[in-house]
Amino acid sequence: MQRLPIILCLGLGLIIGASASLAVAQPSPDITVRQDDNRTLKEYRVNGELYAIEVVPRQGASYFLYDDDGDGNFERRDATRVEVPDWVSGGE
């Protein structure tokens, strides 16, 4: 009887450890930086696919233009970072 809680805890630990190892790592993007007089543009690509552009104005807060579904329409996101979307990394 005293062994049952220990066996259950060990089993739960194995399950948690196995599920953590199944997590998929985010691919590392290639970043191209372009500069003009008023702003810096950072283009984020994975597998050659442009999915985000970070706009860093000379004055004011930076923001991202993000293509969420691969249709070429970029929407503004006021965020500090963006994730690689599934359509770029092959998750869909």
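Below, all heavy atoms of this structure are taken into account, side chains as well, without hydrogens, waters or symmetry copies.
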Query raised in the report: Where do P57 and S62 come nearest, in terms of heavy atoms and distance?
Result: CD-CA, 3.9 Å
Report task. Hey, could you give me the CD/CZ distance between Q59 and R39, rounded to the nearest 0.5 Å? Result -> 14.5 Å
Requested in this report: Determine which pairs satisfy ring-ring contact (aromatic ring centres under 6.0 Å, His included) with at least one residue from residues 28-69, sequence neighbours left out, and list them in order.
Outcome: Y44-F64
Query raised in the report: Checking D67 side chain against F74 main chain: does a donor-acceptor pair fall under 3.5 Å?
Result: no
Report task. With sequence neighbours left out, write down each residue that passes salt bridge (charged side-chain N to carboxylate O under 4.0 Å, His left out) with D68, or none if nothing qualifies. Result -> R77
**Report entry** Residue list, salt bridge (charged side-chain N to carboxylate O under 4.0 Å, His left out) with R76, at least two apart or on another chain
**Finding:** D78
Query raised in the report: Can V82 be reached from L50 by stepping across I, L, V, M, F, W or Y side chains whose heavy atoms are under 4.5 Å apart?
Result: no
Report task. Give the C-alpha distance, both sets of side-chain angles, the deciding distance and a yes or no for side-chain contact (heavy atoms from CB on, under 4.5 Å) between L41 and V33. Result -> CA-CA 6 Å; L41 301 175; V33 179; over 6 Å; no
Query raised in the report: Do I31 and V84 belong together in a cluster built from hydrophobic side chains that touch within less than 4.5 Å?
Result: yes
Requested in this report: With sequence neighbours left out, write down each residue that passes salt bridge (charged side-chain N to carboxylate O under 4.0 Å, His left out) with E43, or none if nothing qualifies.
Outcome: R34, R45
Query raised in the report: How far does CD1 of I53 sit from OG1 of T32, to the nearest 0.5 angstrom?
Result: 10.5 Å
Requested in this report: To the nearest 0.5 Å, tell me how far R58 CZ sits from D37 CG.
Outcome: 7.0 Å
Report task. Could you list the residues that satisfy side chain to side chain contact (heavy atoms under 4.5 Å, CB included) with N38, not counting sequence neighbours? Result -> D36
Report summary line: For D71, the salt bridge (charged side-chain N to carboxylate O under 4.0 Å, His left out) test, sequence neighbours excluded, returns none
